Amino acid sequence: MANINAPKGVPDYVPPRSRDFLRVQEQLSSSARLSGYEYIELPVFESTELFERGVGTSTDVVQKEMYTFTDRGDRSITLRPEGTAGVMRAVIENRLDKGALPVKLWYRGPFFRAERPQLGRYRQLQQVGVEAVGSVDPIIDAEVIALADQAYRSLGLNDFHLDLTSLGCSQCRPAYRIKLQEFLGTCDLDQETKERADLNPLRVLDDKREIVSSQMIDAPLMIDSLCSQCQEHYDQVRDFLRIFGVQWNEAPRMVRGLDYYTRTTFEFVHPGLGAQSGIGGGGRYDGLMAELGGSELSGIGFGLGVDRTLLACEAEGLTPFRSRILDVFVIPVGDQSREPSVSLLVALRAAGIAADVCVDNRSIKSAMKAANVSNAPLVIIIGPDELSSSSVIVKNMTSGDQQSLPSEPGTLIPAVQETLRNLQAENRKEDQS
RNA sequence: GUGGGUGUAGCUCAGCUGGUAGAGCGCUGCGUUGUGGUCGCAGAUGCCGCGGGUUCAAGUCCCGUCACUCACCCCA
């Protein structure tokens, strides 16, 4: 019988790498929690119309990358390709836009895009994102960017940079757009690119193909055509970024792939993971809420790619993260010890100690081997001798020392906790030195 | 959608100009009596991606196919 494989382009994270994946995801989201953002849990699929209106029909994402199907009620449903549109829908639907502003939210989970997979680009991708809705204050722009920066740094990442620009607003962008289109009309472009120039001329600016990019050197830039309000906003964003201690590159040719971005736009780039170098990005969106039927509120947000951030960590040699899965590994020796061992296991876990037990009646030698593989710092051995003296052996796997302790949980559990605390303290000392 | 690469043990891979498979790591056991990590010894495991062709003979050559992968477009 033929094996069933995973669908094309979806990653499996299996141990031990799945630990690193979890660690990255948790670290990224803890940065948002630390900044006072509240969690929002959203569906993985939405009405197709939400993305068509929110993300924009001119984008590649909507035109050719969505997983769209008809449900049993004949409704058109799409697996979410990005997070912002869904958050806006939920904000409007739950009237959060009528309450205290700004609304600060974070989310995480899978997103889906039917692209050809390659390193760091998957059809199911994991993101952690934040959105701050209802303020145009440049402090928020800077905070959101700083938050992302902090998230990466908290993982130990160093070798990344931040590209930053402003895309203008509904006041100044249309005029620039016409200017750019006039310029593009003088360029020698292939058919597909001409169509793109028509639909969304800004996207031609950051085409990586030499034949195109060489012609873009003299192209007019949005950053030179900002209206006075956008210019002032951008200046202030940069002022506050300095206060947040965030460094950036001016990236006037950077364009994001989603239609809704206005003003502040940014992307974090890491050179260590092949062609898909963006590990996170986002920007401000002025018209999105209104477009989706909500209040006329501006928002700003970003998505951090968990998959790519993990690759970045690996590229910098930060993984595997040293995370201990088990505190104690319990070894029963002989049939009579099986029940007391499980009782002890229950007591350990109830006390918040991560514990596992050796099963299958393995020989003590083989059980010790399993204990070693488990990486648990402590092993508790219960055999006939211990049963008859109401004791257990607690062995420190690092030093090899072991001692006999009374098996009565009221004294054993605190003793184990104490030992674990001491071990932790030792580890911390080693990390510092 | 377009182009390149690769498919051999659980993993990483070797296998030159065709003669029906190997290494390292891992795994299991042993090194006597209830103790892991190091070391030594022993052992298990492969439809050599799949289908067809050439040949006395194919992992090795040819064709097809599928999968994976990298890159373009685009994006996290």
Side-chain angles (χ1 to χ4, degrees), chain A residues 2-11 14 16-17 24 28 55 58-65 80-84 108-129 148 190 192-193 195-196 200 203-204 206-212 254-258 267-270 273-282 302-312 329 331-334 337 358 362-387 393-402:
Chain A
N3 289 331
I4 298 174
N5 296 112
K8 194 182 192 62
V10 299
V14 301
R17 198 156 95 106
V24 168
L28 293 180
V55 178
S58 79
T59 61
D60 279 27
V61 168
V62 171
Q63 280 192 348
K64 48 188 195 191
E65 295 171 3
R80 61 184 186 184
E82 59 92 54
T84 304
R108 60 147 182 230
F111 297 86
F112 305 86
R113 290 180 202 168
E115 306 175 272
R116 278 286 275 272
Q118 67 191 71
L119 183 63
R121 190 172 72 185
Y122 308 112
R123 292 186 166 187
Q124 173 172 319
L125 56 113
Q126 295 280 342
Q127 269 182 235
V128 171
D190 60 89
E192 200 189 331
T193 310
E195 283 168 20
R196 197 177 325 141
N200 189 340
R203 302 257 298 288
V204 181
D206 72 344
D207 196 310
K208 282 180 214 154
R209 289 172 298 181
E210 167 66 23
I211 191 164
V212 179
M254 178 182 62
V255 181
R256 314 242 60 232
L258 311 180
E267 179 167 354
F268 288 87
V269 178
H270 196 289
L273 46 158
Q276 305 310 313
S277 54
I279 54 177
F302 65 71
L304 303 185
V306 179
D307 310 276
R308 290 186 184 176
T309 303
L310 174 57
L311 289 171
F329 192 78
I331 297 178
V333 182
S337 307
C358 186
R362 299 236 249 164
S363 71
I364 189 166
K365 192 186 190 72
S366 157
M368 283 302 294
K369 226 174 209 174
N372 196 54
V373 170
S374 84
N375 246 318
L378 290 182
V379 168
I380 296 183
I381 302 168
I382 306 178
D385 297 350
E386 287 70 38
L387 287 180
I393 289 173
V394 177
K395 174 159 183 161
N396 177 330
M397 292 297 277
T398 311
S399 66
D401 301 337
Q402 62 182 49

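So that the names make sense, note that chain A is the first sequence line, chain B the second, and so on, each numbered from 1. Being a predicted model, the structure only gives us computed values, none of them experimental.
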Under 4.0 Å, counting only non-hydrogen atoms across every strand here, what does [X] touch: a base, just sugar-phosphate, or nothing?
X	answer
A/Tyr122	base
A/Gly334	nothing
A/Glu386	base
A/Ile381	base
A/Gly129	nothing
A/Ile393	base
A/Glu115	base
A/Glu65	sugar-phosphate
A/Ser399	nothing
A/Leu125	base

Given side chains that start at C-beta, do those of [X] and [Y] come closer than 4.5 Å, heavy atoms only?
X	Y	value
A/Glu82	A/Val55	yes
A/Ile279	A/Leu273	yes
A/Arg203	A/Asp60	yes

Atom-to-atom span, [atom1] of [X] to [atom2] of [N] - whole angstrom:
X	N	atom1	atom2	value
A/Ile331	B/U35	CD1	P	11 Å
A/Leu119	B/G4	CG	C1'	16 Å
A/Asp307	B/U69	CG	P	13 Å
A/Arg308	B/C74	CZ	P	14 Å
A/Asp60	B/U2	CG	P	16 Å
A/Lys64	B/G1	NZ	P	11 Å
A/Leu273	B/A76	CG	C1'	10 Å
A/Asp401	B/U35	CG	P	17 Å

Any chance you could measure [X], atom [atom1], to [Y], atom [atom2], to the nearest 0.5 Å?
X	Y	atom1	atom2	result
A/His270	A/Arg308	NE2	CZ	13.0 Å
A/Gln127	A/Leu304	CD	CG	8.0 Å
A/Glu115	A/Arg123	CD	CZ	8.5 Å

Of the nucleotides [options], which one has an atom closest to the side chain of [X]?
X	options	result
A/Lys8	B/A71, B/G37, B/C68	B/C68
A/Gln118	B/A71, B/U35, B/C74	B/A71
A/Arg113	B/G1, B/C30, B/A76	B/A76
A/Arg116	B/G3, B/A76, B/U28	B/G3
A/Val373	B/C27, B/G36, B/C68	B/C27
A/Ile364	B/C70, B/U35, B/U2	B/U35

Please give the distance between the [atom1] atoms of [N] and [M] as a whole number of Å.
N	M	atom1	value
B/C48	B/C30	P	33 Å
B/C13	B/U17	C1'	22 Å
B/A23	B/U45	C1'	15 Å
B/U55	B/C62	P	16 Å
B/A71	B/G15	C1'	30 Å
B/G59	B/G49	P	10 Å
B/A21	B/A9	C1'	10 Å
B/A57	B/C11	P	33 Å

- Go through the N and O atoms of the side chain of A/Asn372 and the base of B/G37, and report whether any donor-acceptor pair is under 3.5 Å. no
- Query: Quick one: the side chain of A/Lys365 and the base of B/U35, do they pair up donor-acceptor inside 3.5 Å?
  - Reply: no
- In short, A/Val333 meets A/Ser337 closest at the heavy-atom pair O-OG, 2.8 Å
Could you give the side-chain donor-acceptor pairs of residues 364-387 of chain A under 3.5 Å, partners two or more places apart or in another chain?
{"from": "A/Ser366", "atom 1": "OG", "to": "A/Arg362", "atom 2": "NH1", "distance (Å)": "2.8"}
{"from": "A/Ser374", "atom 1": "OG", "to": "A/Ala371", "atom 2": "O", "distance (Å)": "2.7"}
{"from": "A/Ser374", "atom 1": "OG", "to": "A/Ala376", "atom 2": "N", "distance (Å)": "3.2"}
{"from": "A/Glu386", "atom 1": "OE1", "to": "A/Gly383", "atom 2": "N", "distance (Å)": "2.8"}

- A/Arg113 side chain to A/Tyr122 main-chain N or O, any donor-acceptor pair under 3.5 Å? no
- Task: Spell out, as yes or no, whether a donor-acceptor pair under 3.5 Å connects the side chain of A/Asp307 to the backbone of A/Gln126.
- Result: yes
- Which residue lies toward the 5' end of RNA chain B, A/Gln127 or A/Lys395, if each is placed at its nearest nucleotide? A/Lys395
- If you pin A/Val61 and A/Pro384 to their nearest nucleotides in RNA chain B, which one's is more 5'? A/Pro384
- Note on the structure: Encoded 5' to 3' (Watson-Crick or G-U under 3.5 Å; [ ] crossing; | other strand), RNA chain B becomes (((((((..((((........)))).(((((.......))))).....(((((.......))))))))))))....
